[in-house]
Amino acid sequence: MTVKVRRLATSATDFEAEFQRLQHWSAETDAAIEARVAEIIADVRARGDAALLELTARYDGVQAASMADLEIGADDLRAALQAITPAQRSALEAAAARVRGYHERQREAACRSWSYRDADGTLLGQKVTPLDRVGIYVPGGKAAYPSSVLMNAIPAQVAGVREIVMVVPTPRGERNALVLAAAHVAGVHRVFTLGGAQAVAALAWGTATVPRVDKITGPGNAYVASAKRRVFGQVGIDMIAGPSEILVLADGSTPADWVAMDLFSQAEHDELAQSILLSPDAGYLDAVQEAIDRLLPAMPRRDVIRASLVGRGALIHTRSMEEACEISNRIAPEHLEVSSRDPQRWEPLLRHAGAIFLGAYTSESLGDYCAGPNHVLPTSGTARFSSPLGVYDFVKRSSLIEVSAAGAQVLGPIAAELAHGEGLQAHARAAEMRCESAAAAPLPTPHG
């Protein structure tokens, strides 16, 4: 089976034009999807639970007499954990422990409150507090994603979020025990078998049964992405995810079969996923192409993989590994593998990537499931300015300011001068009055 993966060379005169075509992907949502999502959101806002019951019957084929039939209780989650195989339970708990350990370190490093006092006694600082309630969207339908449960719920739990509400579609009423077991292991508080734009709308505005949340995280299809875009502002969101991506930088030292399978690992997600290999070794690119042709027939999702590789994949011959790193920074991929003898040599040159996997043994799939760092990553070049999902997405920062009487004498004239310059006299007088008061006499003690 021959797979015609696009072959480019940076030395070719038409490289830039071909490279631009390779990168092109329209993030614009289909107008029909946008219109339908707007209707669904409006319906859920207007009719609440009644709309959710009708839409779940229509899109998921689940006939429920009441919303109680669409909520999965804590006992059912515990039962799901007992129902899966011992091997699955062991793997789930081991992955959860690693993900939790990583995010606990993240909390210690970046999510702490702090304060200090100036010489005049003014206190300045930052207060970090968790969100009260978050909603996590877990995809269903074509596949089950217990790993997505862990990656969204555990950092929220580590951050100290009081309530985690999970929504997951269950087409034809089929509930996946591994997904529900993951919800129990990850500390999810409530689970509703809802999906699509209607689930996002329910989380954003709340209904009689589904509680309103402060932020929605987790990937979904085009309808979910459109709905998240529309509800942003009413609630927070993590990101608008595009197709999955992998970029491999290879010096030719990693077995070609390994790299071919790594390219497959993203291509199998869907036809729009992107898998790219950069290498200064033309012979190695030939070897990977041969491995692709040889290994693909054994893949259960070979049709999806083939469509992805032919439509959006590429094998790119670079002049050097340094140039490969430069091109990687231009792409800013979701997943970046540095498959070389000395990955630490190249890592400092890499500025933009959702996650960087160093060395031949570090397959991207390990990061997807159990390495520890989060697998919810920026796509479509947004790694230039955004980051993986983490504990910091489930907390917010409040500034702390306590100005002393002496501090008011220092800061007041500065604020007043700038406020007068902006034509905001009340601002200026508010600062000046405190200067005058502090200069005249201390404030009286409040009555107890």
Side-chain angles (χ1 to χ4, degrees), residues 1-28 242-254 256-296 302-340 345-346 349-354 356-357 364 378-385:
M1 178 180 294
T2 301
V3 182
K4 294 183 178 179
V5 183
R6 185 180 340 213
R7 189 76 171 257
L8 305 178
T10 57
S11 59
T13 56
D14 64 346
F15 173 73
E16 280 300 323
E18 290 296 318
F19 182 67
Q20 292 300 322
R21 275 192 283 272
L22 175 67
Q23 286 189 287
H24 177 73
W25 175 74
S26 176
E28 295 299 320
S244 191
E245 309 155 350
I246 187 170
L247 179 67
V248 181
L249 307 184
D251 62 4
S253 61
T254 303
D257 285 19
W258 294 11
V259 169
M261 198 60 64
D262 290 348
L263 299 176
F264 289 177
S265 71
Q266 291 310 299
E268 72 177 346
H269 276 294
D270 65 63
E271 292 84 354
L272 290 177
Q274 186 164 61
S275 301
I276 298 174
L277 170 61
L278 301 175
S279 177
D281 186 336
Y284 185 71
L285 296 178
D286 293 337
V288 172
Q289 176 67 71
E290 185 278 327
I292 289 171
D293 293 338
R294 175 167 40 81
L295 297 173
L296 184 59
R302 56 186 170 272
D303 291 340
V304 174
I305 294 171
R306 183 191 301 107
S308 170
L309 292 177
V310 171
R312 302 199 68 220
L315 307 177
I316 302 178
H317 183 214
T318 62
R319 296 179 179 88
S320 64
M321 283 292 286
E322 287 85 356
E323 185 182 47
C325 292
E326 292 173 8
I327 294 172
S328 174
N329 286 328
R330 292 175 62 185
I331 295 173
E334 178 188 16
H335 306 97
L336 172 57
E337 287 188 3
V338 185
S339 200
S340 73
R345 175 183 175 186
W346 310 114
L349 301 181
L350 301 168
R351 300 190 308 279
H352 309 307
I356 301 173
F357 302 81
E364 177 276 328
T379 62
S380 307
T382 59
R384 293 177 295 110
F385 54 81

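Bear in mind that the values here come from a model prediction, so they are computed numbers and not experimental data.
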Check: How close do A250 and S279 get, heavy atom to heavy atom, and via which atoms?
Finding: O-OG, 2.9 Å

Next item on the list: In sequence, state the C-alpha distance, the side-chain angles, and the governing distance for L295 and M261, and then conclude on side chain to side chain contact (heavy atoms under 4.5 Å, CB included).
Entry: CA-CA 8 Å; L295 297 173; M261 198 60 64; 4.0 Å; yes

Note to self: If you define the side chain from C-beta out and look only at heavy atoms, does anything of L8 sit under 4.5 Å from H317?
What the structure shows: no

Margin query: With rounding to the nearest 0.5 angstrom, report the CD to CZ distance, Q20 to F15.
Written below: 9.0 Å

Checklist line | Nearest-0.5 Å distance, CG of residue D281 to CE of residue M321 | finding: 11.0 Å

Note to self: As an exercise, state the distance from CG of L349 to CD of E322, rounded to the nearest 0.5 Å.
What the structure shows: 7.0 Å

Note to self: With heavy-atom distances below 4.5 Å as the criterion, would you say the side chains of I331 and F19 are in contact?
What the structure shows: yes

Next item on the list: Compare every heavy atom of V3 with every heavy atom of Q289, then report the nearest pair and how far apart it is.
Entry: NE2-O, 2.8 Å

Notebook entry, point to check: Does S253 offer a backbone N or O that forms a donor-acceptor pair with the side chain of Y284 under 3.5 Å?
Noted result: no

Notebook entry, point to check: Measuring from D293:CG to K4:NZ, what's the distance to the nearest 0.5 Å?
Noted result: 11.0 Å

Notebook entry, point to check: Taking the side chain from R306 and the backbone from D303, do they hold a donor-acceptor pair closer than 3.5 Å?
Noted result: no

Next item on the list: Please check if the side chain of D262 supplies one atom and the backbone of D257 the other of a donor-acceptor pair under 3.5 Å.
Entry: no

Next item on the list: With the side chain counted from C-beta on, respond yes when R312 and L22 share a heavy-atom pair under 4.5 Å apart, and no when they do not.
Entry: no

Check: side chain to side chain contact (heavy atoms under 4.5 Å, CB included) between V338 and F357: does it pass, once the steps are laid out?
Finding: CA-CA 6 Å; V338 185; F357 302 81; over 6 Å; no

Notebook entry, point to check: Is the backbone N or O of R319 less than 3.5 Å from a side-chain atom of E323, with the two atoms forming a donor-acceptor pair by type?
Noted result: yes

Item checked: Spacing of I305 atom CD1 and D270 atom CG [to the nearest 0.5 Å] -> 11.5 Å

Checklist line | R7 with D286: basic N within carboxylate O range, under 4.0 Å | finding: yes

Margin query: Can you tell whether the side chains of E326 and R351 come within less than 4.0 Å, N to carboxylate O?
Written below: no

Margin query: Checking the side chain of Q274 only, and the main-chain atoms of Q23 only, is there a donor and an acceptor separated by less than 3.5 Å?
Written below: no

Next item on the list: Indicate the atoms forming the closest heavy-atom contact of L249 with S328, along with that distance.
Entry: CD2-CB, 4.2 Å

Notebook entry, point to check: Are the side chain of E334 and the backbone of E245 linked by a donor-acceptor contact shorter than 3.5 Å?
Noted result: yes

Next item on the list: Calculate, to the nearest 0.5 Å, the distance between atoms NE2 and CZ belonging to H352 and F385 respectively.
Entry: 11.0 Å

Notebook entry, point to check: Is it true that E16 and R330 make a salt bridge, defined as a side-chain N closer than 4.0 Å to a carboxylate O?
Noted result: yes

Check: Which atoms form the tightest heavy-atom contact between S308 and A273, and what is the distance?
Finding: OG-O, 2.6 Å

Item checked: I316 vs L277, side chain to side chain contact (heavy atoms under 4.5 Å, CB included): CA-CA, chis, key distance, verdict -> CA-CA 6 Å; I316 302 178; L277 170 61; over 6 Å; no

Margin query: To check you understand the geometry: which heavy-atom pair defines the closest contact between S265 and E364, and what is its length?
Written below: OG-OE1, 3.5 Å

Note to self: For L315 versus L285, what's the shortest heavy-atom pair and its separation?
What the structure shows: CD1-O, 3.9 Å

Note to self: If you apply the rule side chain to side chain contact (heavy atoms under 4.5 Å, CB included), what do you find for L263 with I292, and how did you get there?
What the structure shows: CA-CA 9 Å; L263 299 176; I292 289 171; 4.2 Å; yes

Next item on the list: Return yes if some donor-acceptor pair links the side-chain N/O of R302 with the main-chain N/O of L296 below 3.5 Å, else return no.
Entry: no

